[in-house]
Amino acid sequence: MQLTTLKQRILDYTHHLSSYDYIAYGWLFAALFGLLLLSIAYIGKKPKISVFLMFVMMISIFAGPLGIKYLLDTTIRKALIVDKNITRLPFSKNLVVLGEIKNSGKIDFKKCRVFLKVLREDENRYKELLFSLKPIRKKTIVIDHDLPKGEKIAYKIVLDRFSPKVKYLVKQSVECY
C-alpha cells in the first residue's frame, strides 16, 4: 500500500469518528491508565507481577486500537457489498465491475472506499495467499455520498486495458465512515 493511500485512510478514519469510537478509546485509555497505576503499586512488593502488568500494557497500546477498529467495523460501521456484477468486455479489453454498498451498521455513513483486487486463481490455497500479496491489478474508488442506515448506493469500477493470460479472481471490499 502506498504511503499517501495509508495517510488518507488514517485521516478519513480520524475525521469521521463517532461517539462509539470516543467511548471505546476512552475505555481503552482508562484501562491502560489503571494497568499503569496497578503496576506502580506492585513494583515494590511483587516485581514479577508489576513487570507482567507493564508488558500487558505495552501490548495493549498497540493491539488495542487495532482491535477497537476491527470490532467497530464489524458491528457499528458494518458495510456490505451486494449485487456484484463482473463483466469482461472482450471487444474493448475492459473489466467492468458493478455493485451496491449496503449500510448494515448502526450509524449513517458520509464516505465509503471500495477496494478492488484482481488476483491469479489457483487450486492451491497457499499459492492464492501468495498471489494476494501481488495482485494483477488493483483499484480504489471513493464515494463521497451520504449513506443512511439500511440504504444502498451503487458504484461502478472500470479497469482499462485488461487482458490477463491466466485465470483470475476478482475480490472486493468496502470501508465506510
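Scope of the values below: all heavy atoms of this structure, side chains included, with no hydrogens, waters or symmetry mates. Because the structure is a prediction, the values reported are computed rather than measured.
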Worksheet item: Are the side chains of H15 and D12 in touch, meaning some heavy atoms are under 4.5 Å apart?
Response: no
So disulfide (SG to SG under 2.5 Å) across residues 29-93, not counting sequence neighbours, yields none
- request: Please answer whether the main-chain N or O of L89 pairs with a side-chain N or O of N94 as donor and acceptor at a distance below 3.5 Å.
  value: no
Please report the C-alpha distance between R9 and R113 in whole Å, then the side-chain angles of each, then the deciding distance to 0.1 Å, and finally whether the side chain to side chain contact (heavy atoms under 4.5 Å, CB included) criterion is met.
CA-CA 9 Å; R9 287 177 68 183; R113 257 181 224 282; 3.8 Å; yes
- Task: Could you check K93 against R161 for side chain to side chain contact (heavy atoms under 4.5 Å, CB included), going step by step and ending with a plain yes or no?
- Result: CA-CA 5 Å; K93 293 186 180 178; R161 298 180 302 279; 5.8 Å; no
Sorted by chain and number, sequence neighbours left out, side-chain contact (heavy atoms from CB on, under 4.5 Å) with I49 holds for Y42, K46, L53
(message) Against the six-membered ring of Y13, is K69 placed for a cation-pi contact (under 6.0 Å from the centre, within 45° of the normal)?
(response) yes
ring-ring contact (aromatic ring centres under 6.0 Å, His included) pairs touching residues 45-102, sequence neighbours excluded, are none
Donor-acceptor pair, side chain of K156 and main chain of V96, under 3.5 angstrom:
no
Rounding to 0.5 Å, atoms CG (L129) and OH (Y126) come to a distance of 9.5 Å
query = Passes side-chain hydrogen bond (donor to acceptor under 3.5 Å, both in side chains), E175 versus Y177? Steps please.
reply = CA-CA 7 Å; E175 185 177 85; Y177 306 105; 2.5 Å; yes
Verdict with reasoning, K111 to I143, per side chain to side chain contact (heavy atoms under 4.5 Å, CB included):
CA-CA 6 Å; K111 186 179 213 178; I143 301 171; over 6 Å; no
| Under a single-linkage definition using a 4.5 Å side-chain heavy-atom cutoff for Ile, Leu, Val, Met, Phe, Trp and Tyr, are L36 and L38 assigned to the same hydrophobic cluster? | yes
CD of E100 to CD1 of I153, rounded to nearest 0.5 Å, is 9.5 Å
Check: Hey, quick one: are Y22 and F109 part of the same hydrophobic cluster, counting side-chain heavy atoms closer than 4.5 Å, chains of contacts allowed?
Finding: yes
| said: If you define the side chain from C-beta out and look only at heavy atoms, does anything of K84 sit under 4.5 Å from L98? | reply: no
ask   = Got a sec: does the NZ of K78 have more than 12 other heavy atoms crowding it under 6.0 Å?
value = no
So the ring-ring contact (aromatic ring centres under 6.0 Å, His included) pairs with at least one residue in residues 133-172 (sequence neighbours excluded) are F162-Y168
*asked:* If hydrophobic clusters are built by linking Ile, Leu, Val, Met, Phe, Trp and Tyr wherever their side-chain heavy atoms come under 4.5 Å apart, do V114 and V158 end up in the same one?
replied: no
Practice task
Could you tell me whether the side chain of T140 reaches within less than 4.5 Å of the side chain of L116, counting heavy atoms only?
Solution key: no
The side-chain contact (heavy atoms from CB on, under 4.5 Å) partners of L71 (sequence neighbours excluded) come to none
By side-chain contact (heavy atoms from CB on, under 4.5 Å), I86 pairs with (sequence neighbours left out) L95, V97, V170, Q172
Shortest non-hydrogen pair, L32 vs S60, comes out as CD2-CB, 3.5 Å
side-chain contact (heavy atoms from CB on, under 4.5 Å) filter on K127, not counting sequence neighbours, yields D122, N124, F131
d(K117 NZ, R137 CZ) to nearest 0.5 Å is 15.0 Å
When rounded to the nearest 0.5 Å, the distance separating CD of E151 from CD1 of I101 is 13.5 Å
So NZ of K149 and CG of L147: to nearest 0.5 Å the spacing works out to 12.0 Å
Hits for side chain to side chain donor-acceptor pair (under 3.5 Å) against N103, two or more places apart or cross-chain, chain-then-number order -> none
The reported gap from CD1 in I68 to CG in L72 (rounded to nearest 0.5 angstrom) is 7.0 Å
Do D108 and P148 come close enough that some side-chain heavy atom pair is under 4.5 Å?
yes
>> I want to check something: taking the side chain as every heavy atom from C-beta on, are R120 and S132 in contact at a cut-off of under 4.5 Å?
In response: no
Salt bridge (charged side-chain N to carboxylate O under 4.0 Å, His left out) filter on R77, not counting sequence neighbours, yields D21, D73
Look at the side-chain heavy atoms of Ile, Leu, Val, Met, Phe, Trp and Tyr, link any pair under 4.5 Å apart, and say whether L119 and I136 land in one connected group. no
ask   = Would you say M54 has more than 12 foreign heavy atoms packed within less than 6.0 Å of its CE?
value = no
So the disulfide (SG to SG under 2.5 Å) pairs with at least one residue in residues 23-138 (sequence neighbours excluded) are C112-C176
Going by chain and number, the hydrophobic cluster around L130 (ILVMFWY, side chain to side chain under 4.5 Å) further includes L133
_Is it true that, when you exclude K110 itself, more than 12 heavy atoms of the residues, nucleotides or ligands shown sit nearer than 6.0 Å to its NZ?_
no
message: Between L80 and F115, is there shared hydrophobic-cluster membership here, with clusters defined by ILVMFWY side-chain heavy atoms closer than 4.5 Å?
response: no
- Under the 3.5 angstrom rule, does the side chain of S39 hit a backbone N or O of L35 as a donor-acceptor pair? no
Residues 26-70 vs disulfide (SG to SG under 2.5 Å), sequence neighbours excluded, gives none
